[in-house]
Amino acid sequence: MKIAVLPGDGIGPEIVRQAVKVLERLKADGHAVVIETAPIGGAGYDAAGDPLPEATLALAKSADAVLLGAVGGPKYDTLDRPLRPEQGLLRIRQALGLFTNLRPALVYEELADASSLRPELVAGLDLMILRELTGDIYFGQPRGRRALVNGEREGFDTMKYSESEIRRIAHAGFAIARKRGKKLCSVDKANVLDTSILWREVVNEVAKEYPDVALSHMYVDNAAMQLVRAPKQFDVIVTGNMFGDILSDEASMLTGSIGMLPSASLDAAGKGLYEPIHGSAPDIAGRDVANPLATILSVAMMLRYTFSDEGAASRIEAAVRRVLRDGVRTADIAKPGEATVGTERMGDAVVAALSAHR
Ligand code: NAD
């Protein structure tokens with residue numbers, strides 16, 4: 001398991017260090033883990049004048065999986081756009097052909113009252129959103145701004161999906177539903193958009209190859225409503241880039257804690273880039289207060305989706321659950337007045353829980 005580790009900026013190095021401790025624990029238990037580290041984002045710019053240095057991209061390409069912390073920070077906000085940290089992230093996703101974005105929204109019983117919804121609506125929530133990442137209105141041509149004959153300005157974008165783009169994300173959706181609760185909900189706007197009519201047609205065609213997965217369709221406006229009305233009705237949601245962008249952020253807030261949520265972006269062969277959904281949190285960087293659990297849970301996703309090692313993935317998730325059950329809390333998930341631990345001690349607690357349960 002060759003893993004490229006790209007800590008990035010802000011809290012990135014601190015939280016990634018905890019995830020690396022977890023990987024080292026697995027290695028000590030006999031897993032063939034090889035870790036190589038390289039700079040990305042602002043750190044890439046500092047090291048090589050480029051948010052995605054050539055050597056970093058080469059390492060990422062040669063690795064089986066990439067673990068990323070976060071990029072960005074005020075120090076880099078005034079750089080020209082191509083030199084900005086986020087460009088490093090966009091370019092690496094593109095260069096690795098990562099078209100499936102996986103965003104789980106999982107609510108631990110112990111943290112259910114951190115949600116903005118009533119605890120009984122979200123306790124035990126375990127939902128996975130698959131967002132197509134490389135097509136749709138964000139990339140469709142033509143796009144632009146123009147002046148009309150009457151002098152009025154007009155902006156326009158093109159929503160577009162080819163059959164093959166829909167087919168491959170649909171396959172990914174069914175495959176993941178198969179590994180989970182065997183329920184897939186495809187979200188579109190087929191009552192209004194031609195792109196969505198094709199989306200629905202192709203998803204129905206692909207469904208014939210997965211008779212064991214129950215497929216449903218839902219319009220995006222209803223899905224947005226259902227996510228806050230009764231989110232536990234969903235197992236896996238598959239949708240396009242723009243709808244997924246919005247719905248996955250909505251779903252992440254059901255959990256109430258940005259420091260808990262991992263993500264994965266996968267290519268067709270299962271190679272992936274794994275990262276927490278949060279950013280580099282410059283406001284708390286270097287203070288040993290950031291929550292490393294989203295990054296540690298990203299390692300669990302890596303083991304499940306790239307290395308097909310369900311045993312190790314579940315072991316990490318169980319260790320996190322045990323630590324939460326024991327009341328170990330970083331500041332972001334603590335109730336007022338509750339004792340808290342720092343980033344390092346949270347990482348150590350997860351490693352200790354892993355060691356106690358081989
Ligand atoms: P952010 O996610 O970094 O932070 C938002 C809030 O959540 C902050 O108050 C922060 O302290 C808190 N937070 C985030 N992660 C946390 C953790 N693990 N533990 C505890 N608290 C945590 O978003 P932002 O403030 O909008 O952006 C900061 C920088 O991160 C910007 O430069 C932005 O461009 C970048 N960013 C990067 C990514 C990425 O690398 N994927 C994603 C989003 C934003």
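Worth knowing before you read on, the calculation uses all heavy atoms, side chains too, and leaves out hydrogens, waters and symmetry mates. One-based numbering, in listed order, for ligands and for the atoms of each.
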Quiz item: Hydrophobic cluster mates of Leu89, side-chain heavy atoms under 4.5 angstrom, ILVMFWY only, any path?
Solution: Leu6, Ile40, Leu52, Leu57, Val66, Leu68, Val71, Ile92, Leu96, Leu98, Leu273

Quiz item: Transitively linked via ILVMFWY side-chain contacts under 4.5 Å: Val203 with Leu198?
Solution: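 Yes.
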
Self-check item: With Tyr161 via ring pair (Phe, Tyr, Trp, His ring centres under 6.0 Å) - residues at least two apart
Solution: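 For Tyr161, the residues satisfying ring pair (Phe, Tyr, Trp, His ring centres under 6.0 Å) (neighbours in sequence not counted) are Trp199.
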
Quiz item: Is it true that the NZ or CZ of Arg146 lies under 6.0 Å from the centre of Phe156's six-membered ring and within 45 degrees of the ring axis?
Solution: yes

Quiz item: Does Phe99 have Arg168 sitting over its ring (NZ/CZ under 6.0 Å from centre, angle to axis within 45°)?
Solution: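 Arg168 over Phe99 ring: yes.
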
Exercise. Return the set of residues passing side-chain contact (heavy atoms from CB on, under 4.5 Å) with Ile35 (not counting sequence neighbours), or none when no residue passes.
Key: Val5, Val20, Leu23, Val33, Thr37

Mind listing the N or O contacts between ligand 1 and protein, cut-off under 3.5 Å?
unit_1: ligand 1; atom_1: 2 (O); unit_2: Gly279; atom_2: N; d: 2.7
unit_1: ligand 1; atom_1: 3 (O); unit_2: Gly279; atom_2: N; d: 3.4
unit_1: ligand 1; atom_1: 3 (O); unit_2: Ser280; atom_2: N; d: 3.2
unit_1: ligand 1; atom_1: 3 (O); unit_2: Ala281; atom_2: N; d: 2.8
unit_1: ligand 1; atom_1: 9 (O); unit_2: Asp283; atom_2: OD2; d: 3.0
unit_1: ligand 1; atom_1: 11 (O); unit_2: Asp283; atom_2: OD1; d: 2.9
unit_1: ligand 1; atom_1: 11 (O); unit_2: Asp283; atom_2: OD2; d: 3.0
unit_1: ligand 1; atom_1: 15 (N); unit_2: His278; atom_2: ND1; d: 3.2
unit_1: ligand 1; atom_1: 18 (N); unit_2: His278; atom_2: NE2; d: 3.1
unit_1: ligand 1; atom_1: 18 (N); unit_2: Asn291; atom_2: O; d: 3.0
unit_1: ligand 1; atom_1: 19 (N); unit_2: Asn291; atom_2: N; d: 2.9
unit_1: ligand 1; atom_1: 30 (O); unit_2: Ser280; atom_2: N; d: 3.1
unit_1: ligand 1; atom_1: 30 (O); unit_2: Ser280; atom_2: OG; d: 3.1
unit_1: ligand 1; atom_1: 32 (O); unit_2: Gly73; atom_2: N; d: 3.3
unit_1: ligand 1; atom_1: 40 (O); unit_2: Val71; atom_2: N; d: 2.9

